[in-house]
Amino acid sequence: MDKVFIEALEIEALIGIYDWERRIRQPLLFDVEMSFDNRIPAASDAIGDTLNYKAVSKRLVEFVSQSDFGLVETLAERVAAIILDEFGVQHVRLKLSKPGAVRGARAVGVIIERSR
């Protein structure tokens with residue numbers, strides 16, 4: 001299956017379990033791979049036949065920027081569900097990175113894969 005991807009989508013969110021984290025917004029990075037058959041849009045050359053990565057990105061920004069979860073695991077699950085349910089994707093691989101969360105590491109986070 002073909003993949004449509006969004007790489008390093010940065011969204012500021014309220015996320016974390018510590019008191020200091022609950023008072024600030026932190027940048028999160030999302031790498032998303034979505035299974036999608038690109039043969040139809042390739043043949044038609046029509047935007048309406050594609051998996052519109054701009055629409056997916058806008059939806060994720062809207063949801064994540066308004067979210068208020070303690071765990072990145074919870075946020076990752078909710079984001080994967082949105083992609084599967086709202087965009088007709090059969091399979092999604094999502095990497096959610098929290099830069100600067102651990103001293104000495106560029107980022108920490110989770111990678112999940114979900115299917116319908």
Side-chain angles (χ1 to χ4, degrees):
M1 181 61 70
D2 303 323
K3 306 282 187 198
V4 174
F5 72 91
I6 301 167
E7 187 173 293
L9 177 64
E10 185 171 332
I11 309 171
E12 296 227 341
L14 186 62
I15 186 103
I17 58 170
Y18 300 109
D19 288 341
W20 68 268
E21 290 180 302
R22 308 306 299 162
R23 293 189 299 268
I24 63 167
R25 300 184 70 72
Q26 299 179 66
L28 301 175
L29 294 175
F30 293 82
D31 293 324
V32 183
E33 288 182 5
M34 300 163 284
S35 297
F36 188 79
D37 187 349
N38 284 317
R39 291 176 288 190
I40 294 170
S44 71
D45 199 31
I47 188 73
D49 292 333
T50 65
L51 172 56
N52 188 330
Y53 47 78
K54 182 177 182 180
V56 174
S57 297
K58 285 179 69 172
R59 178 66 175 105
L60 298 186
V61 168
E62 173 192 325
F63 177 77
V64 173
S65 63
Q66 295 176 20
S67 68
D68 182 9
F69 297 108
L71 301 176
V72 294
E73 291 84 351
T74 307
L75 180 57
E77 287 292 337
R78 298 302 194 289
V79 167
I82 287 170
I83 294 167
L84 292 171
D85 296 342
E86 296 181 19
F87 294 95
V89 171
Q90 295 300 311
H91 181 84
V92 63
R93 179 182 187 273
L94 171 74
K95 177 181 177 185
L96 192 169
S97 303
K98 190 174 176 183
V102 171
R103 186 180 308 254
R106 183 180 315 154
V108 298
V110 297
I111 298 173
I112 64 171
E113 293 191 42
R114 299 293 180 264
S115 299
R116 286 180 182 244

Please name the pair of heavy atoms, one in [X] and one in [Y], separated by the smallest distance, quoted to 0.1 Å.
X	Y	answer
Ile6	Ser57	CD1-OG, 3.4 Å
Ala76	Val110	CB-CG2, 3.7 Å
Val4	Leu51	CB-CD2, 3.9 Å
Ser97	Ala107	CB-CB, 4.0 Å
Asp31	Ala8	OD1-N, 2.6 Å
Lys98	Gly16	NZ-CA, 4.0 Å

Spacing of [X] atom [atom1] and [Y] atom [atom2] [to the nearest 0.5 Å]:
X	Y	atom1	atom2	answer
Phe36	Asp49	CZ	CG	7.5 Å
Ile11	Glu62	CD1	CD	10.5 Å
Leu14	Ser65	CG	OG	11.0 Å
Arg78	Leu94	CZ	CG	13.0 Å
Met34	Ile83	CE	CD1	6.0 Å
Asp45	Thr50	CG	OG1	10.5 Å

In terms of heavy-atom contacts, does [atom1] of [X] have more than 12 from other residues, nucleotides or ligands at under 6.0 Å?
X	atom1	value
Lys3	NZ	yes
Ile112	CD1	yes
Asp85	CG	yes
Tyr53	OH	no
Arg116	CZ	yes

Any sub-3.5 Å donor-acceptor pair from [X]'s side-chain atoms to [Y]'s backbone N or O?
X	Y	answer
Asn38	Asp2	no
Ser44	Ala46	yes
Arg25	Glu12	yes
Arg93	Ile111	no
Gln26	Ile15	yes

Salt-bridge present (Lys95, Glu33; N to O < 4.0 Å):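 No salt bridge links Lys95 with Glu33.
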Stepwise side chain to side chain contact (heavy atoms under 4.5 Å, CB included) check, Phe63 with Leu75: CA-CA 10 Å; Phe63 177 77; Leu75 180 57; 3.8 Å; yes
Residues Leu96, Val79; criterion side chain to side chain contact (heavy atoms under 4.5 Å, CB included); working and verdict: CA-CA 10 Å; Leu96 192 169; Val79 167; 5.8 Å; no
Val64 side chain reached by Phe30 side chain, heavy atoms, under 4.5 Å: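 When only atoms from C-beta onward are counted, Val64 and Phe30 do touch, with a gap below 4.5 Å.
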Linked hydrophobic residues, Ile24 as query - side chain contacts closer than 4.5 Å: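 Traced through the cluster, Ile24 reaches Ile17, Tyr18, Trp20, Leu71.
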Qualifying residues under side-chain hydrogen bond (donor to acceptor under 3.5 Å, both in side chains), relative to Ser115, sequence neighbours excluded: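 Checked Ser115 against side-chain hydrogen bond (donor to acceptor under 3.5 Å, both in side chains); matches are His91.
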From CA spacing to verdict: side chain to side chain contact (heavy atoms under 4.5 Å, CB included), Gln90, Met1: CA-CA 10 Å; Gln90 295 300 311; Met1 181 61 70; 5.8 Å; no
